[in-house]
Structures are given as C-alpha cells and as structure tokens.
**Student:** 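Pasting in a structure now, in structure tokens, and then I'll have a few things to ask.
Residues take their numbers from the sequence shown, with the count starting at 1.
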Amino acid sequence: MSTNLISEKETTKRFQFIEEIIRPNKDLREQILSTFCDIFGYQKGVFWQSNTTGSTLSNPITLNINHGEIMEYCEVYKHNDPILHFSSKFRNTDVFCYSDFLRFKDFKQTDFLKFMEKNNNHDIISFYINDGNKRTGVISFLRSRQEEAFTMNDKSRLLFLSKYISKLQFYDNYFEDYKEKVTAAEQWANLLSVGIVVIEESFGIRYYNTKALEICNNFSPNQNHPVHEILNNILLNDHKSMETKKSFTLPQQPNIEISIKKINNGKQWMVLLNENSSSIEYKADELLSLLTPREREIAKLLVRGLSNVKIANNLFISINTVKRHAKNIYNKLDVKNKTELCFIFKQ
C-alpha cells in the first residue's frame with residue numbers, strides 16, 4: 001500500500017515536471033534546473049552544453065552554484081573530472097554517479113573529491129542530453145554533506161525524464177536556429193531595392209521588407225497601413241493574377257510594377273513591387289512644378305545635401321532668406337525637414 005502511494009506520487013511529480021518545462025517562462029535550460037529544484041528538491045545543479053562525444057563541456061547554466069566554483073572547476077579540475085575521463089564508456093541513455101565506475105577508496109584519492117568537499121558537496125549524479133546519437137549537453141546535480149547520497153530512485157527518475165528533456169532541447173535548438181536564419185534572411189531582404197511581400201494562402205500578409213513599405217508609402221501616403229492598402233487593390237482588382245505567374249500594374253497605382261509568384265509548394269505568394277523609374281521622375285517633376293523658380297533652385301541644393309550657409313553663399317542671398325524659402329518648400333510639398341525632402345525625390 002505504501003509502495004503504491006509512493007509510486008503514484010512519483011508518477012504525478014514526473015508528469016508535473018514535464019508539463020512545467022513544456023511551457024518555459026524563461027531560458028529552457030534555466031527552466032529545467034529550477035523545475036527539478038521545485039518538484040524534486042535538487043538544490044544544486046549545472047546544465048552544460050557538450051560536444052558530440054560529451055568530452056568537452058562549455059557554456060554552463062547553474063542553479064545555486066556560485067561563479068567562483070564554476071571558474072575553479074573549468075580552470076583547474078575539469079581535466080581531472082572522472083566523468084569526462086570515462087564519458088566514452090557511457091551510452092547516451094545512461095544516468096551515472098562516480099560510484100558506477102570508481103570504488104570509493106579510489107575516488108577518495110582524487111583531487112576532484114577534495115574539490116567537491118571544499119565546496120560542501122559529497123555526491124553527484126549526471127546524465128546526457130542527446131540529439132539522436134549526438135550528445136548535446138550534460139546535466140549534473142550535486143548533494144551537500146547535509147543531504148543523503150543519490151539513490152536508484154533518483155537514477156530511475158532522471159532516466160525517465162532525460163528522454164523528454166532531450167526531445168524538448170532538440171526542438172528548442174531547432175527553433176532557435178530557424179529564428180536566426182529567418183532574421184538573417186529578413187536583414188538581407190531589407191537591403192534589396194525591390195519590395196517583397198509574402199502573402200498566405202488565406203490572403204493575409206505574412207511579411208514585407210522595408211522597400212515594400214517605402215514604395216507603398218509613396219503611393220498611399222495617407223494610409224495607416226499602406227502595404228495592406230496596395231495588396232487589397234491587387235486582390236480586389238486583379239484577383240485572378242494571384243493564381244498565375246504574371247506581371248502587371250494597377251490603374252490606381254500605375255507607377256508600381258507588380259509581379260507575383262507562388263512559393264512554398266503553392267502555399268504562399270511572393271509579390272514583388274518595383275517603382276517605374278520614369279514615373280518616379282515624372283512625380284519629382286510634378287512636385288517641383290508646385291514651387292517657384294527660386295524655391296526649385298533651393299530645393300535641388302537641399303536635396304544635394306548643402307547646408308543653409310553654403311546655399312546662401314552659392315546664391316548670394318542671406319541665410320534668413322534661405323530659411324524662409326526652405327520653410328515654404330516644406331509646406332508646399334508637405335514634408336517636415338530636409339530628410340523627408342530627400343526621400344520624396346529619391347536622392
């Protein structure tokens with residue numbers, strides 16, 4: 001009766017542990033160590049990243065182990081660690097203590113035990129985190145002199161949970177790698193001179209680069225969501241074009257050349273937006289026509305990057321006159337400053 005009760009409690013705790021780490025509220029490795037502490041009472045632990053053989057450890061995440069202890073281990077005692085020395089003998093599924101491969105009287109003679117005792121530790125248990133046959137990490141828990149040594153129940157528990165931790169760590173690493181690749185792709189896309197918009201099969205916008213936003217802003221300046229506005233026009237006015245590889249322009253935006261291609265096995269569309277260069281020049285000429293001859297002259301010098309002082313010297317007029325003309329230019333073209341003026345003329 002008592003044994004069944006303990007077994008039932010243990011089972012409940014194990015699945016409680018799994019539920020906690022599936023939804024981590026911090027770094028996964030930190031979450032794993034803290035959850036072991038909260039549910040099973042493992043007060044001191046370290047989660048290392050490992051090379052494929054488990055013989056090299058790096059980048060530790062610790063629980064209740066001070067920085068000095070880790071530094072001393074890395075600089076002095078790691079090379080004498082019996083676990084690393086015997087690591088090739090253990091299978092990826094093993095959970096092990098020093099007593100599994102060293103008699104206590106032999107372990108007692110090692111400097112490593114002296115290091116443990118110096119930090120009030122007397123027992124340690126470890127297991128590997130694996131990606132298939134490749135070792136990716138090692139988790140170790142330590143017991144102080146005031147605590148009992150690790151038991152077969154601890155081994156059984158860690159052996160059971162190590163499989164779930166390995167799978168979760170694999171997916172966490174996979175998505176981290178995926179996010180890094182996506183970030184790199186987005187940074188590259190933002191350097192292009194072509195606007196890119198990715199549309200889902202349900203016609204929702206998945207992604208657009210900075211050039212797409214710039215192009216759409218030019219032709220829908222009063223819209224809160226200019227990319228959505230342009231894409232809505234594509235969907236409403238030329239819906240069939242989404243089903244075929246095609247290039248076209250829209251009556252409402254003849255200055256934008258649009259091409260659409262299916263990607264991701266037909267589950268998404270990539271919309272490429274390109275400004276018609278002749279139309280851009282026409283737009284610039286149209287805006288300049290709103291200005292007086294002197295204002296056009298000053299506007300061109302502002303766009304070239306000349307300061308008010310240099311413009312005044314070049315045109316033999318006062319700085320105040322330049323400032324007055326610049327203010328008139330900004331008001332007529334509905335821009336706030338020189339940066340926005342340069343932007344609309346594509347300089």
**Student:** Which atom pairs, one a donor and one an acceptor, fall under 3.5 Å between side chains of residues 310-322 and the rest of the protein, sequence neighbours left out?
**Tutor:**
| unit_1 | atom_1 | unit_2 | atom_2 | d |
| --- | --- | --- | --- | --- |
| N313 | ND2 | V309 | O | 3.3 |
| S318 | OG | T321 | N | 3.1 |
| S318 | OG | T321 | OG1 | 2.8 |

**Student:** Output yes when a side-chain donor or acceptor of D123 lies under 3.5 Å from a complementary backbone atom of R143, and no otherwise.
**Tutor:** no
**Student:** N66 side chain to G68 main-chain N or O, any donor-acceptor pair under 3.5 Å?
**Tutor:** yes
**Student:** Once rounded to the nearest 0.5 Å, what's the spacing between atom OG1 of T136 and atom CH2 of W48?
**Tutor:** 15.0 Å
**Student:** Got a sec, which hydrophobics cluster with M152, joining ILVMFWY side chains under 4.5 Å apart, including via others?
**Tutor:** none
**Student:** Among residues at least two apart in sequence or on other chains, which ones pass salt bridge (Lys or Arg N to Asp or Glu O under 4.0 Å) with R294?
**Tutor:** E297
**Student:** By salt bridge (Lys or Arg N to Asp or Glu O under 4.0 Å), which residues pair with K13, not counting sequence neighbours?
**Tutor:** none
**Student:** Taking the six-membered ring for Trp, are the ring centroids of F96 and Y128 within less than 6.0 Å of each other?
**Tutor:** yes
**Student:** Report the residues that fulfil side chain to side chain contact (heavy atoms under 4.5 Å, CB included) with R145, sequence neighbours left out, ordered by chain and then residue number.
**Tutor:** E117, N120, H122
**Student:** With a 4.5 Å heavy-atom cut-off, do E10 and F160 have their side chains touching?
**Tutor:** no
**Student:** Rounded to the nearest 0.5 Å, how far does NE2 of H228 lie from CD1 of I205?
**Tutor:** 4.0 Å
**Student:** Taking only residues two or more places apart in sequence, or in another chain, which ones meet N153 in a side chain to side chain donor-acceptor pair (under 3.5 Å)?
**Tutor:** none
**Student:** Kindly write out the residues that satisfy side chain to side chain donor-acceptor pair (under 3.5 Å) with Q268, not counting sequence neighbours, or none if the list is empty.
**Tutor:** E200
**Student:** Listed by chain and number, what are the side chain to side chain contact (heavy atoms under 4.5 Å, CB included) partners of Q49, not counting sequence neighbours?
**Tutor:** R29, S58, N59
**Student:** According to side chain to side chain donor-acceptor pair (under 3.5 Å), who are the partners of K114, at least two apart in sequence or on a separate chain?
**Tutor:** none
**Student:** Tell me every residue that passes side chain to side chain donor-acceptor pair (under 3.5 Å) with Y73, counting only those two or more places apart in sequence or in another chain.
**Tutor:** D81
**Student:** Which of these, L272, L273, N274, sits in a side-chain contact (heavy atoms from CB on, under 4.5 Å) with S259?
**Tutor:** L272
**Student:** Take atom CD of Q146 as the centre, draw a 6.0 Å sphere, and report whether it contains more than 12 heavy atoms from other residues, nucleotides or ligands.
**Tutor:** yes
**Student:** Roughly how far, to the nearest 0.5 Å, is the CD1 atom of I125 from the CZ atom of F141?
**Tutor:** 9.0 Å
**Student:** Using a 3.5 Å distance criterion without hydrogens, assess whether the side chain of S126 forms a donor-acceptor pair with backbone atoms of S140.
**Tutor:** no
**Student:** If you apply the rule side-chain contact (heavy atoms from CB on, under 4.5 Å), what do you find for F17 with I165, and how did you get there?
**Tutor:** CA-CA 10 Å; F17 174 89; I165 295 171; 4.1 Å; yes
**Student:** Show me the donor-acceptor pairs within less than 3.5 Å that the side chains of residues 182-198 make with the rest of the protein, sequence neighbours left out.
**Tutor:**
| unit_1 | atom_1 | unit_2 | atom_2 | d |
| --- | --- | --- | --- | --- |
| T183 | OG1 | K179 | O | 2.9 |
| N190 | OD1 | T210 | N | 3.0 |
| N190 | ND2 | E186 | O | 3.3 |

**Student:** Verify the neighbour count for atom NZ of K155: are there more than 12 heavy atoms of other residues, nucleotides or ligands below 6.0 Å?
**Tutor:** yes
**Student:** Inspect the surroundings of NZ in K167 and state if more than 12 heavy atoms from other residues, nucleotides or ligands are less than 6.0 Å away.
**Tutor:** no
**Student:** Can you tell me how far OG of S144 sits from CD of E147, rounded to the nearest 0.5 angstrom?
**Tutor:** 4.0 Å
**Student:** With the side chain counted from C-beta on, respond yes when I129 and F47 share a heavy-atom pair under 4.5 Å apart, and no when they do not.
**Tutor:** yes
**Student:** Determine yes or no for a side-chain-to-main-chain donor-acceptor pair under 3.5 angstrom, with E72 supplying the side chain and E69 the backbone.
**Tutor:** no
**Student:** Taking atom CD1 of I263 and atom CE of M270, what is their separation to the nearest 0.5 Å?
**Tutor:** 4.5 Å
**Student:** Can you tell if the side chain of L142 reaches within under 4.5 Å of the side chain of I65, non-hydrogen atoms only?
**Tutor:** yes
**Student:** Judged by atom type as modelled, is there a donor-acceptor pair below 3.5 Å linking the side chain of S162 to the main-chain atoms of L159?
**Tutor:** yes
**Student:** Determine, step by step, whether L291 and L333 satisfy the side-chain contact (heavy atoms from CB on, under 4.5 Å) criterion, reporting the C-alpha distance in whole Å, the side-chain angles of both residues, the deciding distance to 0.1 Å, and the verdict.
**Tutor:** CA-CA 9 Å; L291 309 178; L333 301 185; 4.2 Å; yes
**Student:** Would you check, one step at a time, whether the test side-chain contact (heavy atoms from CB on, under 4.5 Å) holds for T12 with K9?
**Tutor:** CA-CA 5 Å; T12 300; K9 282 184 177 179; 5.7 Å; no
**Student:** What distance do K338 atom NZ and R304 atom CZ have between them, rounded to the nearest 0.5 Å?
**Tutor:** 11.5 Å
**Student:** For residues 32-46, run the donor-acceptor check on the side chains, cut-off 3.5 Å, and write out each pair with its distance to 0.1 Å, sequence neighbours left out.
**Tutor:**
| unit_1 | atom_1 | unit_2 | atom_2 | d |
| --- | --- | --- | --- | --- |
| S34 | OG | K26 | NZ | 3.3 |
| S34 | OG | E30 | O | 3.1 |
| S34 | OG | Q31 | O | 3.1 |
| T35 | OG1 | Q31 | O | 2.6 |
| T35 | OG1 | Q31 | NE2 | 3.2 |
| Y42 | OH | D154 | OD1 | 2.6 |
| Y42 | OH | R157 | NH1 | 2.8 |
| K44 | NZ | N121 | OD1 | 2.9 |

